[in-house]
**Student:** 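Before I ask anything, let me first share the structure, which is written out below as structure tokens.
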Amino acid sequence: MKIATFNINNVNRRLPNLLAWMRVAKPDVVALQELKASDGEFPVAAIEKAGYGAVWRGQKTWNGVAILARNTEPVLTRDRLPGKAEDTEARYIEAAVRGVIVTSIYLPNGNPQPGPKFDYKLDWFARLKRHARTLLKQDLPVVLAGDYNVAPTEIDIYPTRSWDKDALIQPKSRAAFASLVAQGWCDAIRELHPEKRIYTFWDYKRNRWPRDAGLRLDHLLLSPALASRLSKAGVDKEARGEDGASDHAPAWVVLK
């Protein structure tokens with residue numbers, strides 16, 4: 001079972017890129033973030049024509065998350081993160097696919113920091129950790145997939161000081177991610193590639209893609225029920241180099 005996460009950065013604008021990647025990569029499940037489309041604007045017909053069922057929660061102009069499943073319909077289990085009813089941003093969706101619970105997470109960026117946006121990021125992280133703990137207590141096979149907007153360690157960002165004030169690498173952001181993993185989750189890419197510099201995001205600015213000046217922001221965390229099934233994990237980096245590409249590349253795991 002191949003499960004991928006992909007911040008598509010506007011699903012309609014990048015639809016040709018998405019479909020081309022899916023034809024080649026053949027993922028069984030895809031968690032998408034940053035749809036930048038309302039519910040009615042989601043390209044469900046094109047997704048279905050490609051052989052995928054879908055559940056999604058859109059939001060006009062920004063945010064938006066979806067889960068696609070090859071040759072089946074994902075069963076929606078949750079379309080928002082619990083813990084704050086007044087938070088209406090489309091940043092979390094969860095579905096069952098062939099016996100596995102898969103999320104699509106688009107964690108807040110948090111910039112500028114310090115400030116209310118960074119406070120929102122940390123609060124959202126705390127709510128995610130509470131929900132993740134509940135999933136673990138139920139002993140479910142779960143993949144927490146998504147764009148966490150955190151580069152967890154120094155090896156997850158190219159050597160630079162230019163991001164030192166950015167919310168993506170702040171000690172509090174990294175500590176929140178580390179405490180989530182410490183609940184018992186397996187960071188799949190780092191599990192199989194413990195010392196390799198692997199990136200999933202290259203900003204459009206400052207020639208960062210040609211320079212390979214990237215960050216690893218997109219993660220797939222496996223519950224103990226799935227960690228023993230992990231056989232492969234990686235990033236389809238070449239997708240970032242295509243014409244009209246998202247500034248992220250798909251990250252994926254294969255479960256045996």
**Student:** State which residue, out of R161, R174, R197, fulfils the salt bridge (charged side-chain N to carboxylate O under 4.0 Å, His left out) condition with E154.
**Tutor:**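 Between E154 and the candidates, salt bridge (charged side-chain N to carboxylate O under 4.0 Å, His left out) is satisfied uniquely by R174.
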**Student:** Is the count of non-hydrogen atoms from other residues, nucleotides or ligands lying under 6.0 Å from R13 atom CZ greater than 12?
**Tutor:**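 Atom CZ in R13 is not packed in, count stays at 12 or less.
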**Student:** Donor-acceptor pair, S228 side chain versus P224 backbone, under 3.5 Å?
**Tutor:**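 Such a contact is absent between S228 side chain and P224 backbone.
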**Student:** Side chains of N149 and F125, heavy atoms from C-beta outward: is any pair under 4.5 Å?
**Tutor:**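 No, their side chains stay 4.5 Å or more apart.
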**Student:** Counting distance only, does the side-chain N/O of D156 pair as donor-acceptor with the main-chain N or O of L215 below 3.5 Å?
**Tutor:**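 Looks like no, no N/O pair under 3.5 Å.
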**Student:** Are the side chains of T134 and K137 in contact, using a 4.5 Å heavy-atom criterion?
**Tutor:**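 In short, these two side chains do not touch, never coming nearer than 4.5 Å.
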**Student:** Would you indicate whether K172, at its atom NZ, is surrounded by more than 12 heavy atoms from other residues, nucleotides or ligands within a distance under 6.0 Å?
**Tutor:**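 Counting neighbours around NZ of K172, 12 or fewer heavy atoms of other residues, nucleotides or ligands fall under 6.0 Å, so no.
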**Student:** Would you say the side chains of K117 and N111 form a donor-acceptor pair under 3.5 Å?
**Tutor:**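 There is no such pair between these side chains.
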**Student:** Taking W209 for its side chain and Y204 for its backbone only, find out whether a donor-acceptor pair lies under 3.5 Å.
**Tutor:**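 Not at all, since once roles are kept as given, no pair shorter than 3.5 Å links the two residues.
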**Student:** Could you walk me through whether K237 and D212 pass the salt bridge (Lys or Arg N to Asp or Glu O under 4.0 Å) test, one step at a time?
**Tutor:** CA-CA 10 Å; K237 183 178 176 180; D212 195 28; 3.1 Å; yes
**Student:** State, yes or no, whether a side-chain contact exists between V97 and D28 at a heavy-atom distance under 4.5 Å.
**Tutor:**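 In short, these two side chains do not touch, never coming nearer than 4.5 Å.
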**Student:** Whether the W124 and Y92 side chains hold a donor-acceptor pair (N or O, under 3.5 Å, no angle test) is what I'd like checked.
**Tutor:**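 There is no such pair (donor and acceptor under 3.5 Å, judged by atom type) between the side chains of W124 and Y92.
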**Student:** Counting only N and O atoms by type, is there a donor-acceptor contact under 3.5 Å from the side chain of S104 to the main-chain atoms of I67?
**Tutor:**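 Checking the backbone N and O of I67 against the side chain of S104, no donor-acceptor pair under 3.5 Å is found.
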**Student:** Decide whether E94 and H131 meet the rule of one side-chain donor and one side-chain acceptor closer than 3.5 Å.
**Tutor:**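 The answer is yes; a qualifying pair exists.
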**Student:** So does D218 get a backbone contact from the side chain of D147, meaning a donor-acceptor N/O pair under 3.5 Å?
**Tutor:**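 No, because the side chain of D147 does not come within donor-acceptor range (under 3.5 Å) of the backbone of D218.
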**Student:** Closest heavy-atom contact between A96 and T77?
**Tutor:**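 Looking at all heavy atoms of both residues, the shortest contact is N-CG2, 4.1 Å.
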**Student:** Any side-chain heavy atom of L144 within less than 4.5 Å of one from W185?
**Tutor:**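 Yes, close enough: below the 4.5 Å cut-off.
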**Student:** Find out whether Q59 and E89 are in side-chain contact, i.e. whether some heavy atom of one side chain is under 4.5 Å from a heavy atom of the other.
**Tutor:**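 The answer is yes; the side chains approach within 4.5 Å.
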**Student:** Between R208 and D247, is there a side-chain N and carboxylate O pair less than 4.0 Å apart?
**Tutor:**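 Result for this pair is no, no salt bridge flagged.
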**Student:** Salt bridge or not for K60 and E41, using N-O below 4.0 Å?
**Tutor:**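 E41 and K60: salt-bridged.
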**Student:** Is it the case that more than 12 heavy atoms not belonging to E86 sit under 6.0 Å from its CD atom?
**Tutor:**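 Enclosed.
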**Student:** Give the intermediate values and the outcome of side-chain hydrogen bond (donor to acceptor under 3.5 Å, both in side chains) for residues N109 and K121.
**Tutor:** CA-CA 7 Å; N109 176 283; K121 179 190 189 85; 5.9 Å; no
**Student:** Has H219 got a side-chain atom pairing as donor or acceptor with V150's backbone, closer than 3.5 angstrom?
**Tutor:**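 Flag set: sc H219 to bb V150 pair under 3.5 Å.
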**Student:** Is there a donor-acceptor pair under 3.5 Å between the side chain of R57 and the backbone N or O of D79?
**Tutor:**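 Side chain of R57 to backbone of D79: a pair is present.
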**Student:** Without swapping roles, check the side chain of T103 against the backbone of A145 for a donor-acceptor pair under 3.5 Å.
**Tutor:**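 Judged by distance alone, yes, a pair lies under 3.5 Å.
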**Student:** Any side-chain to backbone donor/acceptor pair from R190 onto H193? Under 3.5 Å, distance only.
**Tutor:**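 Pair found, side chain donor or acceptor close to backbone of H193.
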**Student:** Just checking, any donor-acceptor pair under 3.5 angstrom between side chains of R211 and Y158?
**Tutor:**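 Side chains of R211 and Y158: no pair found under 3.5 Å.
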**Student:** Does R240 use its side chain to pair, donor to acceptor, with the backbone of T200 at less than 3.5 Å?
**Tutor:**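 Side chain of R240 to backbone of T200, a donor-acceptor pair under 3.5 Å: no, none is there.
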